Amino acid sequence: MTEKTLKLGAVLLGVGGPGQHHTWLDPEIPGTASVDIHWYIARARQAEAAGFDLVFIVDSQFITPDSPHHYLNRLEPLTLLSAVAVHTTHIGLVGTLTTSYNDPFNVARRLASLDLISGGRAGWNVVATGDGGTAGNYGRAEHYDYATRYGRALEHVRVVQGLWDSYEDDAFPRDKERGVFFDRSRQHALHHVGEHFSVAGPLNIERSPQGQPVIFQAGDSDEGRDLGATVGEAIFTHAQTIEQGQAFARDIRARAAARGRDPEHVLIFPGISPVVADTDAEAREKERATRDGKSFDRALAELGRPFGWHDFSRYDLDAPFPEVGAAGDRSFRTQAERIKKLARDNGLTLRQTVQHLLDAQRSPFVGSPLTVANEIERWFRAGALDGLNVSVTVPSEFARFTDDVLPILRERGVARSGYAASTLRGNLGLPIPENRHTAARRAAAHSAPADLSPVP
């Protein structure tokens with residue numbers, strides 16, 4: 001059996017995501033990075049040269065003036081990744097598409113197109129939209145409640161997967177001598193009628209070399225974890241300690257096993273922002289300078305996001321954390337509840353809560369290349385992660401990781417050298433899903449009684 005190796009994702013954040021208030025000021029980052037396709041192509045090539053398994057594009061469809069800089073002005077994920085696909089050859093291309101404000105047929109077609117364009121390198125980060133304001137952009141008076149969001153998400157994914165099986169792998173003989181382009185017995189309509197969707201099918205596009213795009217998922221609520229355990233093949237998460245990472249991995253895999261899935265086919269990908277310098281002391285000073293340079297006012301404004309963009313500037317900063325009622329119940333509820341509990345259990349003021357959250361963004365992976373490599377190996381060997389989602393903004397900072405840390409991990413056999421396959425599934429070590437209609441045909445053939453009539 002081949003020994004498992006560390007999987008690597010690169011999160012391309014242009015001019016800076018949450019908490020990265022001054023990233024865009026760096027001279028290496030163009031002010032237009034988040035809408036400059038050439039910047040994305042360059043970063044994807046940088047990651048591919050380092051043997052990364054995938055690039056990941058986050059997304060949301062609702063903003064306020066207080067949204068992170070990258071969120072204010074950025075490219076749509078699948079349009080962006082389709083351009084990147086033709087300038088790369090091996091790296092996976094993973095984009096976020098919401099199940100809350102998209103229809104399954106359109107999602108299935110767009111992702112299948114990216115999968116064919118890239119030769120089998122597409123992945124879908126499934127999200128049940130947390131930003132409640134998105135409802136107003138799609139003609140709804142209010143956002144879906146939690147139960148509806150996640151019920152809709154599960155049905156949405158199942159419909160998309162069903163549409164991806166519209167054609168069996170041998171549906172298109174394309175035999176010019178016989179004049180046979182298409183075998184109609186290998187095309188299958190879906191005829192789905194469910195609680196949230198009604199979709200006839202079939203999808204008008206064939207399967208890619210990896211069968212179906214890889215399903216990624218991120219969500220820390222019970223509903224989110226259940227969704228990930230049911231359909232996710234790789235789970236994006238965050239962990240501040242190795243113990244948190246281990247606990248999350250155990251929980252997700254137990255839920256997956258309870259659903260009859262192979263827990264080894266569910267990969268855990270925490271996001272990290274490594275800080276690498278020549279010495280541990282220099283790295284800690286670099287991290288301190290970045291942390292001290294963050295804007296308290298922007299952090300206060302960003303605090304509103306998990307609470308449905310509740311305006312916290314109206315409160316006394318030095319009074320106890322305010323009672324905000326149901327704010328967040330239809331937004332990022334789990335994150336909002338965690339913040340309220342933190343403040344309540346520790347008797348924190350609003351100012352102290354914001355400062356605590358700023359300080360909590362410290363990375364566990366800070367130090368010299370050897371120190372960072374040691375810590376990554378420790379987490380990996382302990383089962384706290386299968387892969388890492390590395391935030392990418394300043395190219396030279398990313399190069400410190402790819403050029404100085406990764407060689408140490410390769411030398412130890414933690415990270416692989418070179419690509420193992422041409423598809424995203426192949427590089428992640430995930431199986432190709434068999435077309436359900438082919439599987440049914442094979443099962444029927446095996447169960448048919450043998451022909452015992454005499455041979456003439």
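Because the structure is a prediction, the values reported are computed rather than measured.
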Measure the shortest side-chain to side-chain distance between [X] and [Y] over non-hydrogen atoms and say whether it is less than 4.5 angstrom.
| X | Y | value |
| --- | --- | --- |
| V390 | V11 | no |
| I242 | R378 | yes |
| T96 | I57 | no |
| H196 | H156 | no |
| F401 | P369 | no |
| P270 | H238 | no |
| L114 | L93 | yes |
| L388 | L6 | yes |

Do [X] and [Y] meet the criterion of a side-chain donor-acceptor pair at a distance under 3.5 Å?
| X | Y | result |
| --- | --- | --- |
| R441 | N435 | no |
| R184 | Q187 | no |
| T438 | E168 | yes |
| D145 | T148 | yes |
| H69 | Q20 | no |
| E76 | T79 | yes |
| T129 | Q61 | no |
| R186 | S166 | no |

Worksheet entry | Validation row, ring centre F197 to ring centre F105 under 6.0 Å |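 No, the ring of F197 stays outside the 6.0 Å limit from the ring of F105, centre to centre.
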Worksheet item: So, Y101 versus Y144, ring centres under 6.0 angstrom or not?
Response: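 Ring-ring flag for Y101/Y144: true, centres closer than 6.0 Å.
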Salt bridge flag under 4.0 Å for residues [X] and [Y]:
| X | Y | value |
| --- | --- | --- |
| D220 | R338 | yes |
| D53 | R416 | yes |
| K294 | E302 | no |
| R174 | E206 | yes |
| E155 | R158 | no |
| D131 | R305 | yes |

Worksheet item: For F248 and I235, what are the C-alpha separation, side-chain angles and deciding distance, and is it a side chain to side chain contact (heavy atoms under 4.5 Å, CB included)?
Response: CA-CA 10 Å; F248 181 84; I235 310 296; 3.7 Å; yes
Locate the shortest heavy-atom distance separating [X] from [Y]; write the atom from each residue and the value.
| X | Y | answer |
| --- | --- | --- |
| L424 | G92 | CD1-CA, 3.9 Å |
| I63 | L72 | CD1-O, 3.9 Å |
| K286 | V276 | NZ-O, 2.8 Å |
| I268 | A384 | CG2-O, 4.4 Å |
| A277 | A283 | CB-N, 3.5 Å |
| T423 | P209 | CG2-CB, 4.2 Å |

Hey, is [atom1] on [X] packed in by over 12 heavy atoms from elsewhere, all under 6.0 Å?
| X | atom1 | result |
| --- | --- | --- |
| W379 | CH2 | yes |
| E411 | CD | no |
| R400 | CZ | yes |

Worksheet item: F398 vs F52 aromatic rings, parallel, tilted or perpendicular, using cut-offs 30° and 60°?
Response: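 Rings of F398 and F52: perpendicular, as their planes differ by over 60°.
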Worksheet item: Would you call the rings of F216 and F236 parallel, tilted or perpendicular, where under 30° means parallel and over 60° means perpendicular?
Response: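 The rings of F216 and F236 lie parallel, inter-plane angle below 30°.
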Item to complete: Kindly indicate, with the supporting measurements, whether the criterion salt bridge (Lys or Arg N to Asp or Glu O under 4.0 Å) is fulfilled by D251 and R225.
Response: CA-CA 8 Å; D251 181 60; R225 292 187 184 209; 2.8 Å; yes
Say whether, by atom type as modelled, one donor and one acceptor occur between the side chain of [X] and the main chain of [Y] under 3.5 angstrom.
| X | Y | value |
| --- | --- | --- |
| Q210 | R425 | yes |
| R43 | L12 | no |
| R410 | A415 | no |
| R121 | S118 | yes |
| D115 | A122 | yes |
| W39 | T32 | no |
| Q217 | G224 | yes |
| R140 | E142 | yes |
| E287 | S363 | yes |
| S295 | R298 | yes |

Item to complete: Test the R149-Y146 pair against the cation-pi criterion, namely NZ or CZ under 6.0 angstrom from the six-membered ring centroid and within 45° of the ring axis.
Response: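 Yes, cation above the ring, under 6.0 Å and within 45°.
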Practice prompt. Compute both the distance and the angle, then confirm whether R152 meets the cation-pi test with Y150: under 6.0 Å from the six-membered ring centre, within 45 degrees of the axis.
Written response: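 That pair does not qualify as a cation-pi contact.
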Practice prompt. Take Q212 and D165 through the test side chain to side chain contact (heavy atoms under 4.5 Å, CB included) and record every step on the way to the result.
Written response: CA-CA 8 Å; Q212 296 185 1; D165 277 351; 3.2 Å; yes
Worksheet item: Distance from L8 atom CG to L409 atom CG, nearest 0.5 Å?
Response: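 L8 CG to L409 CG: 8.0 Å, rounded to 0.5 Å.
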Worksheet item: In Å, rounded to the nearest 0.5 Å, how long is the span from CG of L81 to OG1 of T88?
Response: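 Here the rounded value is 9.0 Å.
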Discussion item. Does anything in residues 383-395 form a salt bridge (Lys or Arg N to Asp or Glu O under 4.0 Å)? List the pairs, not counting sequence neighbours.
Written reply: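 Pairs touching residues 383-395 that pass the test: K4-D386, R253-D386.
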Fill in: Which residues share a salt bridge (charged side-chain N to carboxylate O under 4.0 Å, His left out) with R381, sequence neighbours left out
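Here the qualifying residues are E3, E377.
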Item to complete: Test R45 against E48 for salt bridge (Lys or Arg N to Asp or Glu O under 4.0 Å), laying out the working first.
Response: CA-CA 5 Å; R45 283 176 161 175; E48 186 171 64; over 6 Å; no
Fill in: side chain to side chain contact (heavy atoms under 4.5 Å, CB included) between I91 and Y419, intermediate numbers included
CA-CA 9 Å; I91 197 163; Y419 286 98; 4.1 Å; yes
